[in-house]
Chemist: 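Below are the C-alpha cells for one structure; questions will follow.
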Amino acid sequence: QVQLVESGGGLVQVGGSLRLSCAASGGTFSDYAMGWFRQAPGQERELTASISRIGGNSYYIDSVKGRFTIARDNAKNTVYLQMNGLKPEDTAVYYCAAVLGRYRLSVYVRGTDYGYWGQGTQVTVSS
C-alpha cells in the first residue's frame, strides 16, 4: 500500500511559478499511475494532470495546458507538478493521488479511479 506526501506549495504572485513534489513510499512506485488534483474553496475536486506509470503518457485539463507540466522520477519515487504562469484561479489545495496502473502507458482522469491520496498542499496565487 502506497503512502503519498506532497510538498512545495505556498504563496506566489500572479505569473509566478511553483513546483509541487509528491514522495511515495510503501509500494512499487512504477506500478502506479499518478495524478494531481486540486480543490478550491466551495468547489469540487478536479483533476489537474495525470501521468502513466512510466511517464510516457500524460493528460492535462484545458485550463492548465501550456502552463503546467507533470513529470515523474521512478528512481526517486516522486511525481512533480511544475506550475508556471500562475493565475488567481489556480488557488487551491493540491492533492497527489495514485492508482495501480493496468498498463504502463495508461492515464486515469477520474477521481474515483484513484485509491491512494496525499494530505494536500496549499497553493495561493495573489493578484
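Only this structure's heavy atoms are used, side chains among them; waters, hydrogens and symmetry mates stay out.
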Chemist: Are V123 and I61 joined in one hydrophobic group, where the rule is that I, L, V, M, F, W and Y side chains link up if heavy atoms are under 4.5 Å apart?
Modeler: yes
Chemist: Group every Ile, Leu, Val, Met, Phe, Trp and Tyr by side-chain heavy-atom contacts under 4.5 Å, then state whether Y60 and Y80 land in the same group.
Modeler: no
Chemist: With F29 as reference, evaluate T78, N77, D73 under the side chain to side chain contact (heavy atoms under 4.5 Å, CB included) test and give the passing residue.
Modeler: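 Per the side chain to side chain contact (heavy atoms under 4.5 Å, CB included) rule, the option paired with F29 is N77, out of T78, N77, D73.
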Chemist: Given 3.5 Å as the limit, does a donor-acceptor pair link the side chain of Q3 with the main chain of Q1, or not?
Modeler: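 Confirmed, Q3 side chain pairs with Q1 backbone.
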Chemist: For the pair T91 and Q122, evaluate side chain to side chain contact (heavy atoms under 4.5 Å, CB included) and give the outcome as yes or no after the intermediate values.
Modeler: CA-CA 8 Å; T91 295; Q122 176 70 47; 4.0 Å; yes
Chemist: With side chain to side chain contact (heavy atoms under 4.5 Å, CB included) as the criterion, how do S126 and L11 come out once you've worked through the C-alpha distance, each side chain's angles and the decisive distance to 0.1 Å?
Modeler: CA-CA 7 Å; S126 64; L11 175 64; 4.1 Å; yes
Chemist: Applying the side chain to side chain contact (heavy atoms under 4.5 Å, CB included) criterion to T121, which one of L18, V93, L20, V5 satisfies it?
Modeler: L20
Chemist: Listed by chain and number, what are the side chain to side chain contact (heavy atoms under 4.5 Å, CB included) partners of Q82, not counting sequence neighbours?
Modeler: S17, R19, T69, N84
Chemist: Considering non-hydrogen atoms only, spot the tightest contact between A33 and R53 and give its length.
Modeler: N-CG, 3.7 Å
Chemist: Would you list the atom pairs, donor with acceptor, under 3.5 Å between side chains in residues 94-109 and any protein atom, with sequence neighbours excluded?
Modeler:
{"unit_1": "Y94", "atom_1": "OH", "unit_2": "R38", "atom_2": "NH1", "d": "3.0"}
{"unit_1": "Y94", "atom_1": "OH", "unit_2": "D90", "atom_2": "O", "d": "2.6"}
{"unit_1": "Y108", "atom_1": "OH", "unit_2": "R102", "atom_2": "N", "d": "3.0"}

Chemist: Answer yes or no: is there a donor N or O on one side and an acceptor on the other, between the side chain of E6 and the main chain of G120, under 3.5 Å?
Modeler: yes
Chemist: Kindly work out whether a path of hydrophobic side-chain contacts (I/L/V/M/F/W/Y, heavy atoms less than 4.5 Å apart) joins V14 to L86.
Modeler: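 Yes, because V14 and L86 connect within a single hydrophobic cluster, where side-chain heavy atoms sit under 4.5 Å apart.
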Chemist: Would one find more than 12 heavy atoms of other residues, nucleotides or ligands at under 6.0 Å from atom CD of E44?
Modeler: no
Chemist: Taking the six-membered ring for Trp and the single ring otherwise, decide whether the centroids of F68 and W36 are under 6.0 Å apart.
Modeler: no
Chemist: Please report the closest heavy-atom contact between Y114 and S50, naming both atoms and the distance.
Modeler: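 Where Y114 meets S50 most closely, the heavy atoms are OH-CB, 3.5 Å.
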Chemist: Test of understanding: with side chain to side chain contact (heavy atoms under 4.5 Å, CB included), list the residues that count as partners of T28, not counting sequence neighbours.
Modeler: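 Listed in chain order: S30, D31.
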Chemist: Cation over ring, R72 on Y32, under 6.0 Å and within 45°?
Modeler: no
